[in-house]
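The model shown is predicted, which means the values in this text are computed figures rather than measured ones.
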Protein chains: 6
Amino acid sequence: MAYTPEQAEILVQALPYIQRYFGKTIVIKYGGNAMVDDELRRSVTRDVVLLQFVGMRPLLVHGGGPEISEVMKRLGKEPTFVRGLRVTDAETMEIVEMVLAGKTNKGIVSLINRHGGKAVGLSGKDANLFVAEKAKGEVDLGFVGKVTKINPEILNALMADGYIPVISSVAIGAEGESYNINADHIAGELAAAIGAEKLILLTDVRGIYDDIKDESTLRSTLTVADAQGMIDSGKVESGMIPKVEAAITAVRGGVERAHVIDGTTKYSLLMEIFTDTGIGTMITG
Amino acid sequence: MAYTPEQAEILVQALPYIQRYFGKTIVIKYGGNAMVDDELRRSVTRDVVLLQFVGMRPLLVHGGGPEISEVMKRLGKEPTFVRGLRVTDAETMEIVEMVLAGKTNKGIVSLINRHGGKAVGLSGKDANLFVAEKAKGEVDLGFVGKVTKINPEILNALMADGYIPVISSVAIGAEGESYNINADHIAGELAAAIGAEKLILLTDVRGIYDDIKDESTLRSTLTVADAQGMIDSGKVESGMIPKVEAAITAVRGGVERAHVIDGTTKYSLLMEIFTDTGIGTMITG
Amino acid sequence: MAYTPEQAEILVQALPYIQRYFGKTIVIKYGGNAMVDDELRRSVTRDVVLLQFVGMRPLLVHGGGPEISEVMKRLGKEPTFVRGLRVTDAETMEIVEMVLAGKTNKGIVSLINRHGGKAVGLSGKDANLFVAEKAKGEVDLGFVGKVTKINPEILNALMADGYIPVISSVAIGAEGESYNINADHIAGELAAAIGAEKLILLTDVRGIYDDIKDESTLRSTLTVADAQGMIDSGKVESGMIPKVEAAITAVRGGVERAHVIDGTTKYSLLMEIFTDTGIGTMITG
Amino acid sequence: MAYTPEQAEILVQALPYIQRYFGKTIVIKYGGNAMVDDELRRSVTRDVVLLQFVGMRPLLVHGGGPEISEVMKRLGKEPTFVRGLRVTDAETMEIVEMVLAGKTNKGIVSLINRHGGKAVGLSGKDANLFVAEKAKGEVDLGFVGKVTKINPEILNALMADGYIPVISSVAIGAEGESYNINADHIAGELAAAIGAEKLILLTDVRGIYDDIKDESTLRSTLTVADAQGMIDSGKVESGMIPKVEAAITAVRGGVERAHVIDGTTKYSLLMEIFTDTGIGTMITG
Amino acid sequence: MAYTPEQAEILVQALPYIQRYFGKTIVIKYGGNAMVDDELRRSVTRDVVLLQFVGMRPLLVHGGGPEISEVMKRLGKEPTFVRGLRVTDAETMEIVEMVLAGKTNKGIVSLINRHGGKAVGLSGKDANLFVAEKAKGEVDLGFVGKVTKINPEILNALMADGYIPVISSVAIGAEGESYNINADHIAGELAAAIGAEKLILLTDVRGIYDDIKDESTLRSTLTVADAQGMIDSGKVESGMIPKVEAAITAVRGGVERAHVIDGTTKYSLLMEIFTDTGIGTMITG
Amino acid sequence: MAYTPEQAEILVQALPYIQRYFGKTIVIKYGGNAMVDDELRRSVTRDVVLLQFVGMRPLLVHGGGPEISEVMKRLGKEPTFVRGLRVTDAETMEIVEMVLAGKTNKGIVSLINRHGGKAVGLSGKDANLFVAEKAKGEVDLGFVGKVTKINPEILNALMADGYIPVISSVAIGAEGESYNINADHIAGELAAAIGAEKLILLTDVRGIYDDIKDESTLRSTLTVADAQGMIDSGKVESGMIPKVEAAITAVRGGVERAHVIDGTTKYSLLMEIFTDTGIGTMITG
């Protein structure tokens with residue numbers, strides 16, 4: 001290809017954003033259709049490599065909903081959910097871990113590396129990254145865990161050497177047992193623990209709405225208090241709740257900005273970062 | 001516990017071996033019953049942590065035969081083998097990868113970490129560690145690969161920071177496709193590529209026999225030429241062939257000593273390393 | 001501003017070029033109208049900052065023709081040239097040095113820094129960067145020098161710390177006297193001495209022509225032998241000769257590619273680097 | 001040459017002072033006749049190289065009064081001063097910068113390097129070392145600036161690599177405009193900003209006098225309060241005022257000792273440093 | 001030799017202790033029969049090498065009682081003691097220093113090095129490690145000193161490079177004179193000054209007894225207050241007093257545990273470290 | 001004190017020599033009256049500290065003749081020499097080692113440290129610096145050794161941290177036995193092994209003479225061949241032979257210059273180094 005002057009100008013317009021985020025860690029919660037659709041997958045992973053080459057330190061956290069249910073069904077197990085959380089018996093946990101760490105994770109790693117990046121896939125078990133205990137609640141969900149400690153040294157070591165960590169949402173318990181943890185939640189906690197500059201959550205909608213049915217009610221910015229209020233008042237729909245909670249956790253933990261953006265729009269990650277106004281909804285302190 | 005003088009003396013007898021292998025890389029092909037039996041699993045992983053703490057740089061490579069077949073059967077697929085090699089269609093490859101990288105690998109990582117080590121699990125896709133192409137042969141085995149390039153930088157980076165790499169035998173192809181590779185073979189090639197001091201292959205028998213039915217014919221040492229001769233003359237039984245080939249590859253690639261030992265004997269790893277005469281069969285140049 | 005998807009796509013298309021030149025040194029001979037016209041000056045310096053932020057190591061070498069003559073005239077001295085080379089008596093040399101190192105150099109440094117870069121201006125006297133002796137020839141040109149030694153350590157030290165060196169074409173003699181050196185020539189020699197990946201010479205025409213009056217005869221690539229032949233046969237016009245000689249010097253000294261491009265076209269530097277076909281004329285080995 | 005025992009003894013007597021200042025930064029305001037007289041110039045620059053080789057970190061700040069006025073006159077501009085400060089219109093500023101950064105600075109650099117030192121010349125524009133705004137006062141002096149920020153990173157980087165920074169008193173404004181700043185003042189501010197051990201101001205008189213006409217009233221030591229009192233009471237003559245102010249600024253900013261010494265006495269720098277009683281006037285907290 | 005499984009198991013049981021003390025400094029006061037008996041000398045020094053190879057940072061402090069008296073007698077001087085402290089006139093001090101630094105120290109160094117360690121012998125004069133003044137008391141003991149300053153930088157530098165420091169109990173005074181210092185006391189002070197994890201004092205008895213004549217009154221643990229009480233009440237016999245004082249000094253100075261153990265039992269050092277219950281008497285805060 | 005200009009000038013004249021030897025290692029064989037006379041001892045050690053502070057890396061090797069014989073006599077042993085070499089039975093060896101490593105060495109260390117240097121005393125046993133075997137010859141001299149291996153790592157480590165090594169001429173044998181080695185010889189071998197710039201041997205005469213009785217026959221320079229010839233022809237007196245041999249060994253081993261100078265002249269070390277013509281006799285290749 002050959003750049004035209006108009007195209008070169010666009011490149012130049014990225015400079016202030018490249019400077020702003022130079023050397024900064026950006027935690028990306030990767031999920032939704034952006035992780036399912038082949039073209040979006042290729043596009044998002046290439047965008048991540050670009051971020052790394054222009055000096056940022058991107059880091060991906062992913063879950064893997066549909067693939068888990070699909071493998072469960074092939075194995076004759078019916079997925080069950082209570083209030084959006086997967087009931088995870090021992091056999092289910094084994095499937096969750098195999099799919100997340102063995103299939104979804106390595107698929108993302110492989111795509112990043114094909115674009116010339118150097119990705120390394122990890123689960124929360126590697127180097128005891130995520131330590132968890134059984135989540136307590138009214139209903140026993142089995143091996144659904146709550147993270148009690150994050151050991152981020154391995155991430156800093158890998159990023160300092162130019163690697164892009166790709167992390168699946170599995171944690172380790174005190175007895176070596178595996179726990180299924182919410183990928184949104186852990187992305188928020190990790191962003192805080194690692195002192196990230198930004199948390200970006202990829203979803204399948206444009207952002208957070210006052211009224212999900214009315215496109216015009218999209219909120220471009222929210223304070224943490226606003227966001228908590230919208231959860232409390234029930235304005236935030238169920239699937240969006242963990243994402244907003246993760247954003248709140250991150251911002252309360254010192255991350256300056258958390259963003260809920262539409263991962264189904266090509267280049268949404270770049271449009272969020274290389275822009276003043278951003279896209280989607282930004283939650284700040 | 002409390003050490004008696006007799007016990008302390010045993011500790012002291014380890015000193016020359018600790019000195020000899022200080023800072024040296026030791027590639028361990030982990031497999032067989034030592035990877036299946038719960039007590040042996042605990043024992044071997046603890047021994048690996050011990051090696052790391054007394055100054056060596058251990059590194060594990062594993063396959064995962066029985067677990068793969070078991071999951072395949074649960075998914076209604078019948079495992080097929082041609083001359084000991086698994087016929088690997090696309091669906092089988094997906095299962096192989098899930099089981100190896102998502103289940104077997106993380107299980108080993110988790111055990112090492114419970115003993116106070118810092119293990120990090122990798123597949124050959126991470127940081128493009130193992131690059132492969134389709135293995136050619138008389139029969140089309142599908143996604144069975146032959147490694148064309150090893151990129152060991154990630155291993156050196158992790159070991160320099162005190163991590164123990166645990167690597168599953170999956171490689172990446174030029175188009176991003178996954179390949180099932182023989183764990184024995186890749187252990188041998190990796191030992192050579194990384195300049196290991198030693199390659200140790202854990203098996204379920206005591207070593208290499210002139211006549212497998214006659215215990216008295218165990219060979220304690222073999223030259224590379226001897227070993228190749230035993231393969232050529234059919235003395236080495238089928239399951240042992242890739243192990244002997246791996247030992248030959250390692251030694252020809254500059255590794256001083258390769259060992260085939262009995263992983264079903266508790267402490268066999270330690271008995272091999274902390275000894276002059278060693279156990280099992282040693283292959284040298 | 002806000003990026004549209006079309007704009008983001010253009011950014012993404014830069015990725016392969018960013019990867020190719022990551023960590024590589026690019027010597028830019030800055031001159032001609034690109035150094036005179038205010039808008040071009042702003043544009044070129046911002047492009048240089050962009051190159052540095054996406055991982056390259058740009059380094060500028062400049063002369064300063066028109067400004068020198070202007071100050072000379074203000075001081076009542078008439079500039080004299082013999083075959084395109086300035087006759088440089090002691091008083092002229094003093095003016096040359098004041099203008100180059102005190103005015104032109106600091107003006108470039110200041111513009112780069114306003115765009116968020118970290119430029120440091122040097123002359124060949126700083127850290128004995130360029131050591132020269134009197135150039136010999138039929139006519140005595142006074143303090144016109146020929147470089148005998150380049151000491152590039154200061155440049156490597158500055159670039160390793162993220163600074164962009166901006167260097168004026170003045171050298172130091174054995175007795176501490178100053179020498180006026182040709183900026184094109186020294187750019188070529190420096191590119192070779194520092195092991196640059198690329199030398200880019202900014203001029204006021206599109207490149208090298210077989211016939212300067214016929215636009216259609218622009219040569220997009222030339223070998224070193226071609227280029228030397230065009231000088232020998234008189235096809236290269238006088239002002240272009242030192243530029244082609246610099247390109248030849250660089251390529252013979254190990255630089256893979258030297259480029260003569262049109263600095264009066266906005267973004268020409270980016271269009272040269274972020275493209276397969278390039279613009280202007282490329283000289284290779 | 002050959003040392004006699006008497007000469008060797010003198011060398012040995014320097015040891016305690018070499019030990020005291022080992023690794024310490026010493027800011028030297030270079031000016032007056034020591035910068036004009038050829039023999040003194042050679043002598044001072046060689047002394048600076050000696051300081052660097054015996055383990056200190058010398059750093060020079062210079063202005064350039066006479067040379068600027070001379071070039072202005074050659075260009076047909078009449079220098080104008082208000083209360084000792086140069087009225088600096090745009091054209092004058094251009095001349096100031098050319099002379100300071102292009103002539104005076106490179107002359108000093110060149111002399112240091114001839115003595116085997118590794119000097120690097122900088123102006124306040126390089127790496128945004130000195131950022132200034134327009135100085136406010138009753139009279140509009142044009143581009144006379146007041147420093148608002150010092151960015152000393154480049155100095156630490158250069159000194160750590162064994163370079164001697166030589167800095168001209170020009171600063172950069174928010175819009176990229178140049179400012180003429182008082183070299184005494186900036187030397188004092190820089191000594192404080194960089195945590196120097198000592199500030200030495202070279203002048204043309206022996207030090208500070210109670211009565212400049214009476215040699216016997218030379219003060220060998222002054223407290224900051226004394227010094228301020230002498231300015232307030234008019235005892236300090238006009239040319240000395242900025243020097244005394246610089247000394248006060250430095251000491252208030254944490255520098256232990258500031259010295260006003262006679263740069264016209266050969267070796268005065270060494271006699272100040274390699275001595276208990278010092279020469280000239282010392283200002284302390 | 002060849003390890004049996006039973007022996008390997010003993011090795012494995014050391015793992016938790018190896019992990020606990022990894023990278024930690026352990027000060028060992030070496031003395032008593034363990035320093036006289038040839039077999040014990042070989043055994044203790046080899047144990048020290050083992051500690052170093054499994055990741056600890058051992059450091060030895062020694063005195064040299066019997067050897068000093070022996071050389072004194074050969075030189076026709078009668079050793080004199082006042083309350084267990086050697087009366088040290090100038091000639092005696094010279095003998096003390098020769099024996100400690102020239103004979104005892106180098107003997108220990110040589111044994112450690114024969115076992116493959118890298119020992120470096122130091123006295124308190126080297127790098128001004130121990131600075132002392134004359135000890136004051138009712139009786140003038142001559143050159144018996146009290147340490148006023150410890151400069152441990154040399155120890156940290158040596159240990160960081162893998163060397164084992166062996167230090168004799170001689171200190172330097174303000175006028176360069178030598179002082180004989182109590183080896184137990186200085187071991188305690190050094191353990192505190194260097195932030196050791198443990199202080200181990202080798203003696204010729206099993207530990208501290210309530211009644212030295214009644215084996216059953218051996219105390220396995222004591223608090224600092226207990227220990228001080230036992231000194232005050234006269235329960236601690238005279239030879240043991242400086243050892244208990246050293247333990248108290250160390251613990252009060254931040255060392256977690258100090259141990260008085262029986263150096264005449266082979267492997268006692270290992271039995272103390274590689275055990276939960278320890279041997280001898282442990283003093284803690 | 002206060003420097004006069006005349007004194008400062010002398011300091012300045014040292015600059016070229018300081019530059020020439022900056023960062024270079026200088027091995028000094030310390031002996032003769034310079035090690036006996038109190039004032040000379042203070043003087044030489046202070047000169048060594050000066051060399052270190054002006055950027056050189058001095059390193060001292062010493063023997064200790066008179067002190068050894070004196071202690072032997074006090075112990076009732078009669079020193080015996082065969083062709084200038086001490087007959088060294090086991091008891092004598094013990095005395096040699098005590099005196100050299102425990103008295104002479106620590107005395108030198110202590111003097112250097114009083115002058116503000118950081119000396120560390122070593123014998124050839126420390127870190128296995130000098131490994132030796134029994135010297136063979138017509139007469140059995142007992143524990144007189146010949147060095148077979150030098151392990152200089154400890155010296156480089158200490159000098160890199162700013163320490164001055166002071167080394168006594170004792171070596172270790174394969175069985176841990178001590179050997180008395182010639183201090184001149186080992187100084188020459190060490191200078192070669194460590195890549196020293198210069199070897200300086202302090203003696204009690206002005207240098208090497210064609211005829212020792214005729215002052216006018218002092219040779220200011222000798223080639224290695226000349227020097228060997230003078231030994232062979234018997235011109236070199238017996239006490240000087242090992243010194244000349246050491247110089248030859250050093251120069252043949254790559255040291256550019258070896259010097260035999262008069263240590264009884266105050267400042268002779270400085271007069272040798274800070275001069276073009278040098279003093280005494282210089283041996284070169």
Side-chain angles (χ1 to χ4, degrees), chain D residues 1-24 39-40 42-56 112-118 162 220 261-262 264-280 282, chain F residues 1-24 39-40 42-56 112-118 162 220 261-262 264-280 282:
Chain D
M1 62 150 292
Y3 260 50
T4 61
E6 291 70 29
Q7 291 170 329
E9 178 154 8
I10 286 159
L11 196 59
V12 165
Q13 287 166 355
L15 181 56
Y17 309 100
I18 290 175
Q19 294 176 322
R20 182 186 303 162
Y21 296 112
F22 200 81
K24 302 292 172 59
E39 197 185 326
L40 284 173
R42 274 195 298 274
S43 172
V44 169
T45 49
R46 192 183 45 195
D47 293 355
V48 166
V49 173
L50 179 65
L51 297 182
Q52 203 258 342
F53 267 94
V54 300
M56 305 175 201
I112 291 178
N113 291 352
R114 290 195 71 194
H115 291 301
K118 296 191 300 174
S220 63
I261 69 171
D262 185 358
T264 68
T265 304
K266 210 173 164 187
Y267 306 125
S268 58
L269 212 46
L270 302 184
M271 289 192 285
E272 163 43 38
I273 291 174
F274 293 100
T275 201
D276 276 343
T277 54
I279 60 169
M282 174 171 75
Chain F
M1 62 148 292
Y3 260 49
T4 62
E6 291 70 29
Q7 291 170 328
E9 179 156 6
I10 287 158
L11 195 60
V12 165
Q13 287 166 354
L15 180 56
Y17 308 101
I18 291 175
Q19 293 175 322
R20 183 184 304 163
Y21 297 112
F22 199 83
K24 302 291 171 59
E39 198 184 326
L40 284 172
R42 273 196 298 275
S43 173
V44 170
T45 50
R46 192 184 44 195
D47 294 354
V48 167
V49 173
L50 179 64
L51 296 183
Q52 202 258 342
F53 266 95
V54 301
M56 304 175 203
I112 290 178
N113 292 352
R114 290 195 71 195
H115 291 300
K118 299 191 298 177
S220 61
I261 69 172
D262 184 358
T264 68
T265 303
K266 207 172 168 187
Y267 306 127
S268 58
L269 211 48
L270 302 184
M271 288 191 285
E272 163 42 38
I273 290 175
F274 292 101
T275 200
D276 278 341
T277 54
I279 60 171
M282 174 172 75

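Contact of D/F53 with chain F is made through backbone and side chain together, with heavy-atom distances under 4.5 Å. For a residue to count as touching a neighbouring chain, one of its non-hydrogen atoms must lie under 4.5 Å from one of that chain's; by this rule D/L50 touches chain F with backbone and side chain alike. Residue D/E9 touches chain F through both its backbone and its side chain, counting heavy-atom pairs closer than 4.5 Å.
Taken from CD in D/Q52 to CG in F/L15, the straight-line distance is 10.0 Å, to the nearest 0.5 Å.
When the candidates F/L269, F/V12, F/D47, F/L270 are compared by the number of heavy-atom contacts under 4.5 Å with chain D, F/V12 comes out ahead. Contact count versus chain D (heavy atoms, under 4.5 Å) is highest, among F/E272, F/K266, F/R46, for F/R46.
Scanning both residues, F/V49 and D/Q19, for their nearest heavy atoms gives CG1-NE2, 3.3 Å. Closest heavy-atom contact between F/A8 and D/Y267: CB-CB, 3.4 Å.
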